[in-house]
Structures are given as structure tokens and as C-alpha cells.
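All residue numbers refer to positions in the sequence shown, counting from 1.
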Amino acid sequence: MEQPSTSHTSIDSIVDRLCSLDDIRHVCPSRRHEGAPLLSNASVRRIVTLASGLMFPGFFNENVESEAVMRSTMTLACHELRGLLVHQITAGLSFADTDCSVPFREIEASAVSDADIFINRLPELRKLLDTDIDATYMADPAATSTQEVITCYPGVKATISHRIAHELVKLGVPVLPRMISEQAHSDTGIDIHPAATIGSGFVIDHGTGVVVGATAIIGDHVTIYQGVTLGARSFVTDESNVPVKGIPRHPIIGNNVVIYANSTILGRITIGDRAVIGGNLWVTRDVAPGEKLIQARGENFRSIDSGK
């Protein structure tokens, strides 16, 4: 059956209702009346692509066949990245300033400063990512080269996005880092909150279903497999039963730890250096340095002395 046509008068009425602030519960907190930009998922994705391409020429951009062309291409990319960063950081700061308490010129100045600081950190960020890439290559017998790791591995793609987002978190940029992490989550199935702190030589093997909470702290040379969750046991609530923000509630993972597939580690517990967490475990207590937890028949898990 044909649907009845909607008259222009009906459309005008519907648009009036849709635009009515009386009916909108979730109003985008923009500063459009002062000319502030809005957050853009397309621009955020482009920021990640440009930053990745600047750190790893040829993997995320084109036209780098020669050194002269590479330098020219990267110069243009750097200018584009700076412009997008200023635009989107301004949008994020404006988005967060819901009561318009900060003069817009101060928001713009802060965005420019943050964009410049971020770009200046790209060489050091690449050095950190190099440790992740090398560790991933060494951890996987199926990997044929570090170039393959950069090009193909979802764990590395998610880690690159996280490193970029975390730099913005450290600068105090709101919203934008979370957009980056959620885009990576959508692309790879790996959910790392941008506020999570992760050391060098980080490896995510396979990766699908990995979840890392906002207050998690991960040491150096840690390897986690698919389905691993570093989560919270419960939430502290206020008198109105609203979760209290900012309380550390996720695990602390030491150095040289391995966590195998589908294990869930909950709460502000500590997994000591060199510990090994076997697959399909539910861990809610501290694990001593060097301790190994594995599945055992007739019980949830057992501990193996690392000295045996």
C-alpha cells in the first residue's frame, strides 16, 4: 500500500515541534550563538588518520615514494592536523562549558595551545608505539614483519588510537578522546577508555572483546588476549544514588604480566609483576608477583608457585 503523502503544512508543524526547546530533553551544549564549531565524527577520524600517518609514513597515507615527496606530504598533513585539532578541541571545550562561563577567546587560545603541544609530542609518541609494535611482532609466531603488524593487527590499531586519545586526556581535552576510543572500539571490537594508563611494550593478541576501564593502570610489557576485561566490581553512589565519578575502581596490572583469553579482573586490585592469569578466570583479589592462576578441575582456579 502507498503511504499517504505528508503535506508541507504537516512538515512545518513537525519541524516546529522538533525544534521546540520545550520538547528537547537532550540539547547539544554548543556555543553556536558565539560561532563555536560542533564536534564531528568525520573530523575526529581524520585526526587519527593524520596523526597515525605522520608517525608511520606510508601506512596511513599515500604519496611517500621518495624522501622529498614524503616531506612535502607530511608538511601538508601536519598543517591539516593542526587545523582540525584546533577546530575540534575548540568544539570539545565549548561542548563541556555548558554554562558558557569561560570567554570564548580563552577557549580558542587553549585549543591552539593544546593542538601545538599534541603535535610536538608526536615524535615521542611514535617511540612509545614502536615498543608496542615490536612487542606484538615478537609475541606472535604468525607475524611475518613489523610492517604486517602495523598494517593488519587490530590490537595495534586500537593501541595507536588509545595513545593518541590518552595524550589529549593528559592535556585536559574533553569529549574528543572518548570519540576517538569509541571509533576504535567500533572498528576493532577493542574497548579501551582513553583515560586508562598503559605502559610500554603493550600487546593485545587477537583483541576482540577486550575491555579496559578508565582508571586501569597497566605496566610495561603486558600481554592480554581476546575477551579480557579489566573492569570494576561496583560503583560508589552518592545520597541520590548517582555513581560518584573519578574514584579508582579498576585493576592495577604490574610489569611483564600475561592475561589469557576471556579472563575477567575486577576492582581496584593489584596483579603483581610477572604474574600469569590463565584463561576463563574471574579474579577479584590481589595476585602476588610471579603467581600463576590457572583452571583446575573441581574448583574455580588454583595458584601455582612461580618457583616450581
Side-chain angles (χ1 to χ4, degrees), residues 48-62 64 67 70 74 77 118-170 177 180-181 183-185 187-194 196-212 216-228 230 251-261 263 271-277 279 289-290:
V48 174
T49 299
L50 288 167
S52 301
L54 285 166
M55 290 187 288
F56 301 102
F59 290 96
F60 302 93
N61 50 15
E62 300 176 355
V64 291
E67 183 177 349
M70 181 175 72
M74 292 179 69
F118 176 85
I119 291 173
N120 284 333
R121 289 180 180 175
L122 285 177
E124 292 304 314
L125 191 59
R126 178 168 65 184
K127 290 181 181 179
L128 179 57
L129 282 164
D130 282 341
T131 70
D132 303 322
I133 292 163
D134 290 341
T136 300
Y137 171 70
M138 294 300 295
D140 187 1
T144 61
S145 67
T146 55
Q147 290 79 13
E148 180 189 26
V149 166
I150 297 170
T151 303
C152 302
Y153 280 42
V156 169
K157 292 179 185 293
T159 301
I160 291 173
S161 289
H162 173 74
R163 299 292 191 196
I164 292 169
H166 191 66
E167 285 299 318
L168 293 171
V169 167
K170 291 193 293 185
I180 292 172
S181 69
Q183 287 183 357
H185 182 194
D187 291 343
T188 66
I190 298 168
D191 183 4
I192 309 174
H193 194 283
T197 301
I198 301 177
S200 63
F202 183 52
V203 178
I204 304 175
D205 201 345
H206 302 294
T208 304
V210 165
V211 177
V212 179
I217 299 174
I218 300 175
D220 298 331
H221 308 296
V222 170
T223 298
I224 62 178
Y225 286 76
Q226 69 272 17
V228 166
L230 305 181
I252 299 172
I253 310 299
N255 302 318
N256 300 292
V257 170
V258 179
I259 306 173
Y260 284 99
S263 280
I271 309 299
D273 294 350
R274 305 178 312 284
V276 176
I277 309 299

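Test D191, V210, V211, I190 against H185 for side chain to side chain contact (heavy atoms under 4.5 Å, CB included) and you get one pass: D191.
Atom CD in E167 sits 12.5 Å away from atom CD1 in I119 (nearest 0.5 Å).
The closest side-chain heavy-atom distance from I217 to I253 is not below 4.5 Å. Counting only heavy atoms from C-beta outward, the side chains of L129 and I160 approach each other to under 4.5 Å.
In this structure a side-chain-to-backbone donor-acceptor pair under 3.5 Å is missing from S161 to A158. Distance alone, capped at 3.5 Å, places no donor-acceptor pair between the S263 side chain and the I259 backbone. With hydrogens and angles ignored, the 3.5 Å screen pairs a side-chain donor or acceptor of H166 with a backbone N or O of A196.
Residues satisfying the side chain to side chain donor-acceptor pair (under 3.5 Å) criterion with S200, sequence neighbours excluded, are D220. For I198, the side-chain contact (heavy atoms from CB on, under 4.5 Å) partners two or more places apart in sequence, or in a different chain, are H162, R163, I192, F202, I218. Not counting sequence neighbours, the partners of R274 by the side-chain contact (heavy atoms from CB on, under 4.5 Å) test are N256, P289. Contacts of D187 classified as side chain to side chain donor-acceptor pair (under 3.5 Å), with partners at least two apart in sequence or in another chain: R45. Residues satisfying the ring-ring contact (aromatic ring centres under 6.0 Å, His included) test with Y260, not counting sequence neighbours, are Y225. For the side chain to side chain donor-acceptor pair (under 3.5 Å) test, residues two or more places apart in sequence or in another chain that qualify with Y153 are D140.
A salt bridge does not link R121 to E124: none of the charged nitrogens lies less than 4.0 Å from a carboxylate oxygen.
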